[in-house]
Number of protein chains: 2
Amino acid sequence: MAAHGLRTGEVAERAGVNVETLRYYERRGLLAEPARSIGGHRAYPPETVTLLAVIKAAQRLGFTLDEVAELLDTGRRRHPTADLRARARAKLAEVDEKITDLRAIRGSLEEILAAECDSLTHCTCPACPMPFADLADPAASPPG
Amino acid sequence: MAAHGLRTGEVAERAGVNVETLRYYERRGLLAEPARSIGGHRAYPPETVTLLAVIKAAQRLGFTLDEVAELLDTGRRRHPTADLRARARAKLAEVDEKITDLRAIRGSLEEILAAECDSLTHCTCPACPMPFADLADPAASPPG
DNA sequence: TTGCATTCCGTACCTGGGTACGGGTTTACC
DNA sequence: GGTAAACCCGTACCCAGGTACGGAATGCAA
């Protein structure tokens, strides 16, 4: 009996993360405490692997673990309460901002790829414009 | 004489970063070593402020300082060599991936905001789908 | 049931990205 | 020319996010 549930090693391998990371995420509240065998070994539901991929993806985008936790929490329960809706809206704004910034970077990179500066042979680019200047917002909002 | 150039305090304040951070970035190679006064005090060109904004923006997107340095280096010299072009292209791909992921998150958030689950009063959402599942890529490429 | 791989837990350690400290110069203003 | 504010440098510390360690207990297979 009780063959259901993946063990830590399996989950870790499938998700491509360290075993310790699972325990760490559990402590951090990103992973719910899984069921346990009689002897106390964890038995994870298979979706855990997907969840870990989600977490890692969100992290790559610059979300902190706390933010990821919040994001997941918001997403978990559909039909959010007013409070949750507000958080979702806030996250949405953040995400939009990130997308905007990324597009600016993207534009600069494409420009660079396209640029020939009139001629590769003659141009020493004495006064090349600031790279990514279109991205930099002088009125940067302070964190907090 | 030598009133040209901003001092560390000015740059730091305008860019909204700590003075120590300037020295740190200099050590890391993100900021070029600025000119110095006779007495050894740094005199920064005004574009430094913009550059710092760029760095901070890129960081918010999940780029490491090393990556930012690389990005800047790529962007600095227009009409890149073949090698530089390759790096720019690689970055471009990364950026596109990030944008794709962010759009997935964005979509989920909007869904959440739009969702009423038929009725807020009756739906207990017994089997709500995985949040952000569209973002998780099971074939996640291992780092390195 | 013996035995080896896994897992358990707590704690210590590591890297990245800064920030703070402290004692000594340099500037800038009166 | 005196003095406070700003700056210098090296070094030590801090937080986030993991990762490693090590000794005991469990799981599974022959």
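Quick caveat, the model's predicted, so the values are computed rather than measured. Below, chains carry the letters A, B, ... as their sequence lines are ordered, and counting in each starts from 1.
Between Gly9(B) and Ile38(A), the residue anchored nearer the 5' end of DNA chain D, judged by the nucleotide with its closest heavy atom, is Gly9(B). Residue Val19(B) is the one, among Val19(B) and Phe63(A), whose nearest nucleotide of DNA chain D lies closer to the 5' end (criterion: closest heavy atom).
Only Arg23(A), listed by number, bring a heavy atom of residues 21-28 of chain A to less than 4.0 angstrom from any atom of DNA chain C.
Atom CD of Glu20(A) and atom C1' of dA12(C) are 12 Å apart (whole Å). Regarding Glu33(B), its CD atom lies at a distance of 12 Å from the P atom of dC8(D), rounded to whole Å. Summarising the geometry, the separation between CG on Asn18(A) and P on dT6(C) is reported as 14 Å, rounded to the nearest angstrom. For the pair Arg7(B) CZ and dT26(C) P, the computed distance is 14 Å after rounding to whole Å. In this entry the distance linking CD1 of Ile55(B) with C1' of dG16(C) reads 15 Å, nearest Å. Separating the CG atom of Leu31(A) from the P atom of dG17(D) is a distance of 14 Å, rounded to the nearest angstrom. Rounded to whole Å, the distance from CD on Glu10(A) to P on dA5(C) is 17 Å. Rounded to whole angstrom, the span from the CZ atom of Arg42(B) across to the C1' atom of dC8(D) amounts to 7 Å.
Atom CD of residue Glu97(B) and atom CG of residue Leu61(A) lie 9.0 Å apart, to the nearest 0.5 angstrom.
Under a 4.0 Å N-O distance rule, the pair Arg106(B)/Glu110(B) qualifies as a salt bridge.
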task = Kindly indicate, with the supporting measurements, whether the criterion side chain to side chain contact (heavy atoms under 4.5 Å, CB included) is fulfilled by Leu30(B) and Tyr24(B).
result = CA-CA 9 Å; Leu30(B) 286 155; Tyr24(B) 179 64; over 6 Å; no
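With contacts defined as side-chain heavy-atom distances shorter than 4.5 Å, the pair Leu6(A)/Pro46(A) qualifies. Side-chain contact between Lys91(A) and Glu67(A) is present, with at least one heavy-atom pair separated by less than 4.5 Å. When side chains are defined from C-beta on, Arg103(B) does not count as touching Val95(A), because their heavy atoms never get closer than 4.5 Å.
Glu10(B) contributes a side-chain N or O that, together with a main-chain N or O of Arg7(B), makes up a donor-acceptor pair within less than 3.5 Å.
The side chain of His41(A) approaches dG27(D) more closely than any other nucleotide in the set dC8(D), dT19(C), dG27(D). When each of dC21(C), dC8(D), dG18(C) is scored by its nearest atom to the side-chain atoms of Lys56(B), the top-ranked nucleotide is dG18(C).
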